[in-house]
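Written out below as structure tokens is the structure these notes cover.
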Number of protein chains: 2
Amino acid sequence: MASGMDDRTTRVLRHIVEDYIATAEPVGSRTISKKMGLSLSPATIRNIMADLEEAGFLAQPHTSAGRIPTGAGFRYYIDHLLSRQVLARSEMDQLHRAAGEGNGPGDELVRQVSRLLSNLAHQASVVVVSSPEQQVLRSVSLMRAGVERILLVTVMRGGWVQHRLIEGEPDLTGDELEKISAYLNELAEGQTLPQLRARILAELRKEKARYDRVMGRALTMGARALADAAPGEVFIEGRANILEQPEFAEDVHRLKRILRAFEEKSVIFRLLDRAMESRAIQVSVGLENTVEELPDISVVASGYRQGASSVGSIGLIGPVRMDYSRVIPLVEYAASLLTTMFEDR
Amino acid sequence: MASGMDDRTTRVLRHIVEDYIATAEPVGSRTISKKMGLSLSPATIRNIMADLEEAGFLAQPHTSAGRIPTGAGFRYYIDHLLSRQVLARSEMDQLHRAAGEGNGPGDELVRQVSRLLSNLAHQASVVVVSSPEQQVLRSVSLMRAGVERILLVTVMRGGWVQHRLIEGEPDLTGDELEKISAYLNELAEGQTLPQLRARILAELRKEKARYDRVMGRALTMGARALADAAPGEVFIEGRANILEQPEFAEDVHRLKRILRAFEEKSVIFRLLDRAMESRAIQVSVGLENTVEELPDISVVASGYRQGASSVGSIGLIGPVRMDYSRVIPLVEYAASLLTTMFEDR
DNA sequence: AGTTAGCACTCCGGCAAGGAGAGTGCTAAC
DNA sequence: GTTAGCACTCTCCTTGCCGGAGTGCTAACT
């Protein structure tokens, strides 16, 4: 069906989508005719438009307005018609610089890149960091954090730092704590969290642990602290950019819905979920994204990796009318930048 | 001048402010007359209103509209006329529960409380955490974070965790790192960051350091990592709540300005700056707050303490038309809650 | 002297009518 | 299959008008 369109028809569709992206207004037959160098008259374009409407790619807000692309129209455009823009040297440089500045622990890095991405694209940018469950540990440390409070700090490959508080631990001497910490660190290095858990349980079962007090303590504390899986994280930057888009500036209700969604991390998680798995860039248009609360927004996202395993994804969220030809390369570049940054960490 | 108003005049002002807070619309003489039990006729009220306008407490949007309070009007109301609402038991309980859930490291605690505060008040809530410079260290630890990368983790009293990356450190054996870490930890406990810096420099000057390799390394690394002061942090919760306020829903431009300000942490810092110093609650109305970008918003904030020293402040940001009688007790309670939470940490 | 009723006046908001502009669909001719 | 022409539709903007809300002023009242 979709492939049953001839070249001329698709060219018209393409022009309509691009004009609509540029102007945010319904586009009429005359405009397209001019844009195509008057090789076809407005009347002909109108016939083609009628066909496209019947096929579900266009819609009319009202009888005598121009056409606007439907979700399906955008989808077709993205899949078949889109020609990517080449990123400007300066944009790539800016992204690199942002990544360079974010040389703190992992979160600073992604945050900086995300912020710049959002400004370059004039959309809100979102990064999700997957739950650290699959990630590989580099080191762990136990630190005193208060009376009967101990902090377990874990550092993952790639520079992610996490900490969890263990409460109600009877006090230990500094020396004991150091020993316990060192012992746990030894067990942890190179393991994933589930592996470490399993390892701790295995060690606990060994007889020796029962006799060595320090070891025993280390293991039970480790088991306690790691009992429940750590959640992933979500960073959102450039919220104000979405106000740049006329569709949101006008419709306060939509704006409210999307800002509320930003406060609810689980929603964002679901939104970028698919991108994390896949290696290619993902574009969800309007209703396609599985989040009921936000039927009229698009998400362009791409996963980034740490070595072979995907550890998160970065993307943009905005109205369906987005400049995909520019935004898609941007997101892709940002994701690949993150991947390389994490490579040598 | 201000105190030169008789009781009747201030009562009228008070009713106008409260009615305006409730309805967000200019209020007329008839409304006030009714509200005061018709003890005064609309005509009399009009005369009083004219006086109040001359004194700068009221303004008319246009000739035949009612009056709305000016910034000065709100100021006077807050300083002299306000009667605080008593918090509902359930609200206090909710805040306590939020504080209980946030039993992770410090930031989770303030975040949870801030979020709930924002929902109870229907405003955006902001917490700033002062730069950790004045805070007292509980423990530090050095951890391996990558090739030639070491992470310095510091835990403050009150459960604040910070980490900084030290790059380009030649690799050490695990054993060496542990020793260095332990030594630094010993130096750090009970010190503030500046004290620790001074102490490290003093130790470095001692002869012994030159001979003990581990010690020497520990000190130079410590000096490097702590060279520049750590910045404070800012958390903003409940951004979407400001859309509840009709003044923002209507005026997209204002909305944009405030959302942009939220992305610029330094602005928020300046806004809550004053509250951090002072022990009492601070209310800045409109132009009073020193931030040029946001002349038409109010900030209600209060510092919270860790023992004797103030370590941050929590507050609400919204339109000048805020329900101060409710919001002020809320913020105060939240701040005192944070203070008690940090007490036993 | 302060308070009040009465009244003319102003301004906003809503509504209807009318015209311009944009764009369509259809028909008939090329 | 393409195009010109034309009638039609719909939105949007302007204009004018009316009712409502509220004010300020004046003159009468207590």
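Order of the sequence lines sets the chain letters (A, B, ...), proteins ahead of strands, with each chain counted from 1.
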Just how far, in rounded Å, is [atom2] of [N] from [atom1] of [X]?
X       : N      : atom1 : atom2 : result
A:Asn47 : D:dA4  : CG    : C1'   : 13 Å
A:Glu25 : D:dC12 : CD    : C1'   : 12 Å
B:Leu38 : C:dT4  : CG    : P     : 10 Å
A:Asp51 : C:dT24 : CG    : P     : 14 Å
A:Arg67 : D:dT9  : CZ    : C1'   : 13 Å
A:Ile68 : C:dG23 : CD1   : C1'   : 15 Å
B:Ile32 : D:dT23 : CD1   : C1'   : 15 Å
A:Ile45 : D:dT3  : CD1   : P     : 9 Å

Do [X] and [Y] sit within salt-bridge range, that is, some charged N less than 4.0 Å from a carboxylate O?
X        : Y        : value
B:Arg115 : A:Glu263 : no
B:Glu25  : B:Arg67  : no
A:Arg326 : A:Glu91  : yes

Pairing nucleotide - [N], Watson-Crick or G-U, each distance under 3.5 Å:
N      : answer
C:dA29 : D:dT2
D:dT11 : C:dA20
D:dA21 : C:dT10

Among the nucleotides [options], which one has an atom lying closest to any side-chain atom of [X]?
X       : options                : result
A:Arg46 : D:dG24, C:dT24, C:dC11 : C:dT24
B:Leu40 : C:dG23, C:dG6, C:dT4   : C:dT4
A:Thr63 : D:dT9, C:dA5, C:dG25   : D:dT9
B:Gln60 : C:dT4, D:dT23, C:dT24  : D:dT23
B:Thr44 : D:dG5, C:dT4, C:dC7    : C:dT4
A:His62 : D:dT11, D:dT3, C:dG23  : D:dT11

Going by atom types only, do A:Asp6 and A:Thr9 share a side-chain donor-acceptor pair under 3.5 Å?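 There is such a pair (donor and acceptor under 3.5 Å, judged by atom type) between the side chains of A:Asp6 and A:Thr9.
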Starting from the 5' end of DNA chain C, give me the residue, B:Pro42 or B:Pro61, whose nearest nucleotide shows up first.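 The residue closer to the strand's 5' end, by nearest nucleotide, is B:Pro42.
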Is any side-chain N or O of A:Ser64 under 3.5 Å from a base N or O of D:dC10, one able to act as donor and the other as acceptor?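 When only heavy-atom distances are counted, A:Ser64 does reach the base of D:dC10 through a donor-acceptor pair under 3.5 Å.
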Stacked cation flag A:Arg254 on A:Phe248, 6.0 angstrom / 45 deg: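 Because its charged atom sits under 6.0 Å from the ring centre and within 45° of the axis, A:Arg254 does stack over A:Phe248.
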